[in-house]
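Quick note on labels: first sequence line is chain A, next is B, and so on, each numbered from 1.
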There are 2 protein chains.
Amino acid sequence: MSTPGRGLHGRVLDTLGPAITAGEYPPGSVLRTDELAQHFQVSRSVMREAVRVLESMHLVESRRRVGVTVRPKAAWNVYDPQVIRWRLAGADRPHQLRSLTVLRSAIEPVAAGLTARHATAAQCAELTECALGMVAHSRGHELEEYLVHDVAFHRVILAASGNEMFARLGDVVAEVLTGRTHHEVMFEDPDPAAVTLHVQVAEAVREGDAPRAERLTREITTGALQELDVLAP
Amino acid sequence: MSTPGRGLHGRVLDTLGPAITAGEYPPGSVLRTDELAQHFQVSRSVMREAVRVLESMHLVESRRRVGVTVRPKAAWNVYDPQVIRWRLAGADRPHQLRSLTVLRSAIEPVAAGLTARHATAAQCAELTECALGMVAHSRGHELEEYLVHDVAFHRVILAASGNEMFARLGDVVAEVLTGRTHHEVMFEDPDPAAVTLHVQVAEAVREGDAPRAERLTREITTGALQELDVLAP
DNA sequence: CTGAGCCAAAAAGTCAGACTTATATGTCAC
DNA sequence: GTGACATATAAGTCTGACTTTTTGGCTCAG
């Protein structure tokens with residue numbers, strides 16, 4: 001899913017990024033480029049490039065005569081897929097998962113409404129196919145196959161909404177759904193009611209019934225929220 | 001608002017970033033680091049750092065033996081405040097403004113609902129103060145003062161929601177509101193109905209009436225959408 | 001004691017050049 | 001046509017020297 005090992009600086013980021021987002025270096029901590037370069041056994045130029053990337057994510061701030069200081073969490077670019085992945089891999093995964101699920105609950109219903117208005121025939125077909133795929137793997141512990149179709153379903157909804165900001169959240173939703181399946185309720189079959197809702201959303205979109213698509217999607221996302229409340233109150 | 005001139009690589013980005021987001025280099029275009037370095041009169045190391053930042057925004061992709069290729073718009077990190085600013089400064093500003101306003105219309109009502117539930121007394125006070133400030137400058141062409149309070153109002157709503165993803169959209173909303181005031185309807189006084197709605201939202205939040213806060217905020221954002229439809233249909 | 005101003009150290013920033021590595025593409029034998 | 005191989009190309013890496021900004025302390029006058 002990610003792009004591991006795209007150069008030395010990338011490998012440095014793979015350990016430094018998670019460390020910072022995990023709060024291993026508290027806000028205000030000062031790092032020195034030279035020390036980091038030594039620690040990671042890379043040249044200063046490579047280290048500088050890594051720091052630049054962290055800086056563009058607002059994870060750190062580089063100032064002369066001071067060093068590279070870690071910025072407070074409130075400044076971070078929490079929408080950067082890379083940052084999201086780092087945080088989901090870390091300790092505050094549950095907290096992060098909740099934030100993202102709340103975000104979903106705000107975005108997806110509106111997106112579904114727009115999709116019902118704008119979706120092409122091809123997109124409707126794809127959506128229906130995804131919903132059917134979910135039905136086909138909704139029993140018998142075929143969670144991986146179910147997940148694939150679930151992710152695809154939500155990606156289509158977001159992409160077909162015609163809003164680029166929504167479309168870009170496809171990756172985020174994918175992370176959330178994957179995280180939920182892999183770390184929370186791996187054993188149980190998906191909620192049959194949720195499956196039905198997905199089928200009905202596909203229906204509503206086909207029929208161009210925007211309010212219904214929105215309402216049904218809202219039911220899906222509030223369901224996801226309640227599920228979180230049960231698991232981590 | 002931005003951080004201009006934070007090093008040579010920053011100055012390079014200030015011209016290269018807007019150029020790319022403006023579509024000056026169409027997707028698939030190939031740039032060479034050496035050529036760019038020569039063109040901008042900087043060393044290769046500086047140019048490389050700039051490319052790394054563009055790469056972390058998914059604006060470009062750097063591959064050996066090929067060069068630095070511009071990625072399609074669908075890949076861009078459109079939530080990166082820097083990218084948003086670049087795009088708002090460019091040609092597709094209207095399109096971008098619409099995307100962001102739709103995003104607002106999805107997020108803010110939900111955020112307002114959460115804020116009604118979680119806001120502290122201090123936050124309620126701040127919100128009320130912002131609303132009063134809007135009222136105080138709602139007539140007599142005091143648009144700048146009005147804008148300041150309007151932006152502050154929405155920032156408080158988003159920040160007090162307790163969701164970090166929502167809170168981080170404060171900057172985006174600020175850009176949208178500022179853009180609207182400065183480029184669209186600079187001459188007219190704000191809609192009195194909108195002013196009233198803001199006061200009522202503050203009320204609802206104080207009273208902890210989440211559904212009402214959500215509904216009223218939805219009225220505000222749909223109003224903003226309709227305003228866009230009138231101006232740029 | 002206080003404050004203005006100056007100095008020196010520290011760390012990032014910049015540059016130039018040599019070298020390494022991956023890879024797209026063309027070539028040639030089969 | 002197909003597969004193996006050679007080659008050119010552009011990014012990637014490293015090193016060392018130099019510059020610039022900024023801070024913290026020091027001196028000295030008041």
Side-chain angles (χ1 to χ4, degrees), chain A residues 2-17 19-20 24-72 75-76 82, chain B residues 2-17 19-20 24-72 75-76 82:
Chain A
S2 167
T3 318
R6 58 283 188 234
L8 259 189
H9 88 281
R11 237 165 310 159
V12 171
L13 283 174
D14 286 340
T15 59
L16 195 51
I20 292 175
E24 210 162 305
Y25 304 93
S29 304
V30 177
L31 314 171
R32 250 108 6 129
T33 312
D34 290 12
E35 281 186 13
L36 289 174
Q38 272 202 336
H39 179 261
F40 287 105
Q41 297 281 344
V42 296
S43 68
R44 286 202 336 271
S45 12
V46 167
M47 198 61 226
R48 285 179 56 73
E49 289 172 26
V51 168
R52 283 282 171 266
V53 173
L54 294 175
E55 199 176 34
S56 87
M57 294 168 174
H58 290 93
L59 260 49
V60 302
E61 190 185 4
S62 179
R63 274 169 53 203
R64 273 186 152 131
R65 166 61 211 241
V66 175
V68 178
T69 58
V70 177
R71 302 188 65 175
W76 298 352
Q82 182 77 102
Chain B
S2 166
T3 319
R6 56 279 189 241
L8 258 190
H9 88 281
R11 235 160 317 152
V12 170
L13 283 174
D14 285 340
T15 59
L16 196 51
I20 292 174
E24 210 163 303
Y25 304 93
S29 303
V30 177
L31 314 171
R32 250 98 21 121
T33 312
D34 291 15
E35 282 185 14
L36 289 173
Q38 271 202 336
H39 179 261
F40 287 105
Q41 297 281 343
V42 295
S43 68
R44 280 199 321 132
S45 6
V46 169
M47 198 62 226
R48 284 180 57 75
E49 288 172 26
V51 168
R52 282 283 170 267
V53 173
L54 293 175
E55 199 177 34
S56 88
M57 295 167 174
H58 291 91
L59 261 48
V60 303
E61 191 185 5
S62 180
R63 275 168 53 201
R64 274 189 151 126
R65 166 63 209 246
V66 175
V68 177
T69 58
V70 178
R71 303 187 64 175
W76 298 352
Q82 182 77 102

Exercise. Which atom pair, heavy atoms only, marks the closest approach of A:Val12 to A:Ala50?
Worked result: CG1-CB, 4.1 Å
Problem set entry | Interatomic distance where CG belongs to B:Leu8 and C1' belongs to D:dT21 [whole Å] | 14 Å
For this session: Assess whether side-chain contact (heavy atoms from CB on, under 4.5 Å) is satisfied between A:Tyr25 and A:Leu16, documenting all intermediate values.
Result: CA-CA 10 Å; A:Tyr25 304 93; A:Leu16 195 51; 4.0 Å; yes
Exercise. Residues two or more places apart in sequence or in another chain: which of them pass side-chain contact (heavy atoms from CB on, under 4.5 Å) with A:Val66?
Worked result: A:Arg63, A:Thr69
Exercise. Under 4.5 Å between any side-chain heavy atoms of B:Arg48 and A:Val46, yes or no?
Worked result: no
For this session: Quick one: do B:Thr15 and B:Phe40 satisfy side-chain contact (heavy atoms from CB on, under 4.5 Å)? Show the steps, please.
Result: CA-CA 10 Å; B:Thr15 59; B:Phe40 287 105; 3.0 Å; yes
Seminar exercise, completed: Residues passing the salt bridge (charged side-chain N to carboxylate O under 4.0 Å, His left out) test with B:Arg52, sequence neighbours excluded, are A:Glu49, B:Glu55
Problem set entry | Those residues that, when tested against A:Glu61, pass salt bridge (charged side-chain N to carboxylate O under 4.0 Å, His left out) (two or more places apart) | none
Exercise. How does protein contact run along nucleotides 19-27 of chain C, one letter per nucleotide 5' to 3', with B for base contact, S for sugar-phosphate only, - for none, heavy atoms under 4.0 Å?
Worked result: --BSBB---
Exercise. Can you list the residues that meet the side-chain hydrogen bond (donor to acceptor under 3.5 Å, both in side chains) rule with B:Ser56, with sequence neighbours excluded?
Worked result: A:Ser56
Problem set entry | Pairing residues for B:Ser43 by the side-chain hydrogen bond (donor to acceptor under 3.5 Å, both in side chains) criterion, not counting sequence neighbours | B:Ser45
Exercise. With sugar-phosphate meaning primed atoms plus P, OP1 and OP2, does B:Ser45 contact a base, only sugar-phosphate, or nothing at under 4.0 Å between heavy atoms?
Worked result: base
Problem set entry | For DNA chain D, the residues among residues 46-54 of chain B that have a non-hydrogen atom under 4.0 Å from it | B:Arg48, B:Arg52
Problem set entry | Watson-Crick or G-U stems of DNA chain C, 3 or more pairs, under 3.5 Å, by first number | C:1-30 with D:1-30
Exercise. Hey, mind stepping through B:Val53 and B:Met57 against side-chain contact (heavy atoms from CB on, under 4.5 Å) and telling me if it holds?
Worked result: CA-CA 6 Å; B:Val53 173; B:Met57 295 167 174; 3.8 Å; yes
Problem set entry | For B:Glu35, all residues meeting salt bridge (charged side-chain N to carboxylate O under 4.0 Å, His left out), sequence neighbours excluded | B:Arg32
Problem set entry | Inter-residue atom distance B:Leu31.CG - B:Ile20.CD1, 0.5 Å rounding | 6.0 Å
Problem set entry | Strand-adjacent residues in residues 28-40 of chain A, judged by heavy atoms under 4.0 Å from DNA chain C | A:Leu31, A:Arg32, A:Thr33
Under-3.5 Å N/O pairs linking protein and nucleotides 25-27 of chain D:
none

For this session: List the atom of A:Thr33, the atom of A:Met47, and the distance in Å for their closest heavy-atom pair.
Result: O-CG, 3.6 Å
Seminar exercise, completed: side-chain contact (heavy atoms from CB on, under 4.5 Å) filter on A:Ala75, not counting sequence neighbours, yields A:Arg71
For this session: Specify the separation, in whole Å, of atom CD of B:Glu61 and atom C1' of D:dA11.
Result: 13 Å
Exercise. Closest approach of A:Ser62 and A:Val68, non-hydrogen atoms and distance?
Worked result: OG-CG2, 4.2 Å
